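First up is the structure itself, then whatever we jot down about it.
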Amino acid sequence: MDLRYVLVIAVISLIYVKCESSPLDDLVIDRYSIPTLCPREVQTGDFVRYHFNGTLPDGKKFESSHDKGKPFVGQVGLGSAVITGLDRGVLGMCVNERRKLTIPPHLAYGVLGAGTVIPPDTTLAFDVVLLDVWNMDDKVQTRTLSKPQDCKRKVIATDFIRYHYNGTLMNGTLFDSSHSRARTYDTYVGEGYLIKGMDIGLLGMCVGERRSILIPPFLGYEDKGYGSVIPPHASLVFDVLLVDHFHANDTIEVEVLYTPESCTRKSVSGDYIRYHYNGTLQDGTLFDSSYQRNSTYNTYIGMGFVILGIDKALQGVCIGDKRRVKIPPHMAYGESGVEGMIPGSAVLIFNIHVIDFHNPNDTVAIKVTHKPNICNLTTASNDLIQYRYNCSLLDGTLLYTSDNFDLPPRTTLGAGKIIEGLDTGLLGMCVGEKRDVLVPPHLGHGENGAAEVPSSAVLMFELELLEVQKGVPDGYLFVWLGDSPDPLFPAMDLNKDQEVPLEEFTTFIESQIADGKGRMRPGMDKDVVIKDMFTNQDRNNNGKITAEELKLKSDEDPPKHEEL
């Protein structure tokens, strides 16, 4: 027999038919194996594909599709391809159902028989298993098995998609699976790269959706089949899980999750930024996280140091921003992906938290939060000051506080004892004044950081000036606050003996300081400073300063250590 086949899904019912009302109606149908699920039964006009064994009353086999290795394929109800009893006997069958058909001669080969194979007036028995049923009016049938609640975009024609699938025949035979290869199938939809039925069945899917797609043969591999795995005229069932999809015209999608109330400046190209992130695929698979490394990702933006999608997403952010960024592969890692981490053509999701950013041209930013009504004296370079501070990162993490010390710290401004940005932030302050000072890393602890300070971190200082002692210029131990006595030596020679020993010199300097005429370097031992000044003038080291020694010292060009 040369028969055609069709796709069918059948309903379960057990029927035993024995027609005794007429000698012309005695087809016997024994449904001895019925599947538990049968969405569709064979009807007149359907195409079917089935295997059979045909036997004579003595049990002798006269024909078998199994022996030929090729099932019968044909249309039901036309009466031209098979004997009438077989044509009628498959009506109502379900896919995977097995029937034994007992066909009387008048519904088989009648009084003539069939050559030497089937004698005249012979009752025939057919053991039939239905493999497939379909109709030329059939369309692709889709059934959603699971679907995410949030679906902002569905698959459209010309999208590029990545999906997993199991492909089976109607009888459940598995012919292919992407899961067994441990990689998705990646292709364009609606561009002719897939069989017609799959092109149709994938439309409208959401990422994360699982769908069953039933494809009739004429929208599948038709009468050709595919190699040894898909027979001709086979209906196909695909269990599909959509992993990813995007369009070549897609750009980044940014969802703002949090923005601080205060945003004094937004990031621009050329800024250096520190941020935390979790990077996932669209199915939620985590591929990278800065949190796991306990270290921010630090980079310049707008300069090509990161993938294009991130480069764009990080421009225009505020410090403290939290954003969810969806990046198509042509703005990420493209068709190649990252081996062992990111599949080719993968859409990426980044959840970003901006910690801080700065520009290499940034200066110290000062905000006065309190200033006393009376402010006659302000800090300057070389002043000795006492102050309190809190030092934090811009995310609020407290790094250091002077409150942990027994006494507030003291420092000399401009002496290089503190970071440059803090030194700048303390200039021009009044006692009692409070400030918030923002220090960029190049004026702080730089790329290397320090102790608890991360690399390239912007620092926030809360400052309060407690005390100030005016200083003297670098290289000096003492300065006059007005004009010095003129002539100087007679003023120093208190007993007028033309010699000034250390005791007399000490008395003179102390009186000038007490009268507000001079100032000594703050923060140093007074006796040590005066002794150093005396030694500097006592050129012959005899323990006395003469008028000639004082003159010689001042005449040097340039003068060395010339306080007086």
Side-chain angles (χ1 to χ4, degrees), residues 374-388 402 405-418 420 422-423 426-432 465-564:
I374 299 175
C375 180
N376 296 323
L377 187 67
T378 60
T379 55
S381 185
N382 299 306
D383 288 352
L384 177 67
I385 66 167
Q386 187 176 40
Y387 66 104
R388 64 173 300 276
S402 60
F405 303 121
D406 293 335
L407 293 173
R410 292 178 180 271
T411 191
T412 300
L413 295 178
K417 302 298 184 181
I418 55 178
E420 183 179 351
L422 178 58
D423 208 326
L426 287 164
L427 293 174
M429 289 187 75
C430 306
V431 172
L465 186 65
L466 304 177
E467 181 184 307
V468 59
Q469 296 179 49
K470 299 304 293 182
V472 299
D474 285 340
Y476 286 79
L477 299 173
F478 174 89
V479 293
W480 296 105
L481 299 180
D483 293 333
S484 63
D486 189 17
L488 178 59
F489 186 80
M492 293 172 56
D493 185 13
L494 300 179
N495 61 6
K496 307 303 179 184
D497 64 355
Q498 302 303 309
E499 294 179 339
V500 179
L502 176 61
E503 293 80 4
E504 194 172 8
F505 182 80
T506 299
T507 301
F508 170 73
I509 293 298
E510 287 179 341
S511 68
Q512 300 302 305
I513 294 173
D515 293 340
K517 296 178 181 178
R519 182 167 68 238
M520 194 178 296
R521 176 173 287 279
M524 298 183 66
D525 184 275
K526 180 192 68 172
D527 293 337
V528 171
V529 172
I530 292 175
K531 177 68 182 299
D532 190 25
M533 293 171 63
F534 178 84
T535 301
N536 186 51
Q537 300 296 333
D538 182 15
R539 294 177 63 84
N540 60 10
N541 297 317
N542 67 349
K544 298 176 183 179
I545 300 173
T546 64
E548 187 64 22
E549 287 176 317
L550 192 65
K551 177 183 177 184
L552 288 172
K553 190 70 176 176
S554 61
D555 285 348
E556 289 183 359
D557 187 21
K560 297 179 181 177
H561 198 40
E562 185 55 65
E563 284 87 357
L564 301 179

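None of the values given here were measured: they were computed from a predicted structure. Every heavy atom of this structure was used, including side-chain atoms; hydrogens, water molecules and symmetry mates were not.
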Yes or no on side chain to side chain contact (heavy atoms under 4.5 Å, CB included) for Tyr387 and Leu422, after CA distance, side-chain angles and deciding distance?
CA-CA 11 Å; Tyr387 66 104; Leu422 178 58; 3.9 Å; yes
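Contact annotation: the side chain of Val468 approaches that of Ile385 to within less than 4.5 Å [non-hydrogen atoms, C-beta and beyond]. Here the side chains of Val472 and Phe478 are not in contact, with every heavy-atom distance at 4.5 Å or above. At least one side-chain heavy atom of Lys470 sits under 4.5 Å from a side-chain heavy atom of Leu377. No side-chain heavy atom of Ile545 sits under 4.5 Å from any side-chain heavy atom of Glu504. A 4.5 Å side-chain heavy-atom check between Lys526 and Ile509 finds every atom pair outside the cut-off.
Within 6.0 Å of the CG atom in Asp515, the count of heavy atoms belonging to other residues, nucleotides or ligands exceeds 12.
Here the shortest heavy-atom pairing between Pro473 and Asn382 reads CA-ND2, 3.6 Å. Across every non-hydrogen atom of Gln498 and Phe489, the tightest pair is O-CZ, 3.6 Å.
Using a cutoff of 4.0 Å between basic side-chain nitrogens and carboxylate oxygens, Arg539 and Glu548 are not scored as salt-bridged. Ion pair Lys544/Glu549 not flagged as a salt bridge, since none of the NZ, NE, NH1 or NH2 atoms sits closer than 4.0 Å to an Asp/Glu carboxylate oxygen.
With Met533 as the fixed residue, the side-chain contact (heavy atoms from CB on, under 4.5 Å) test singles out one of Val528, Thr506, Asp538, Leu477: Leu477.
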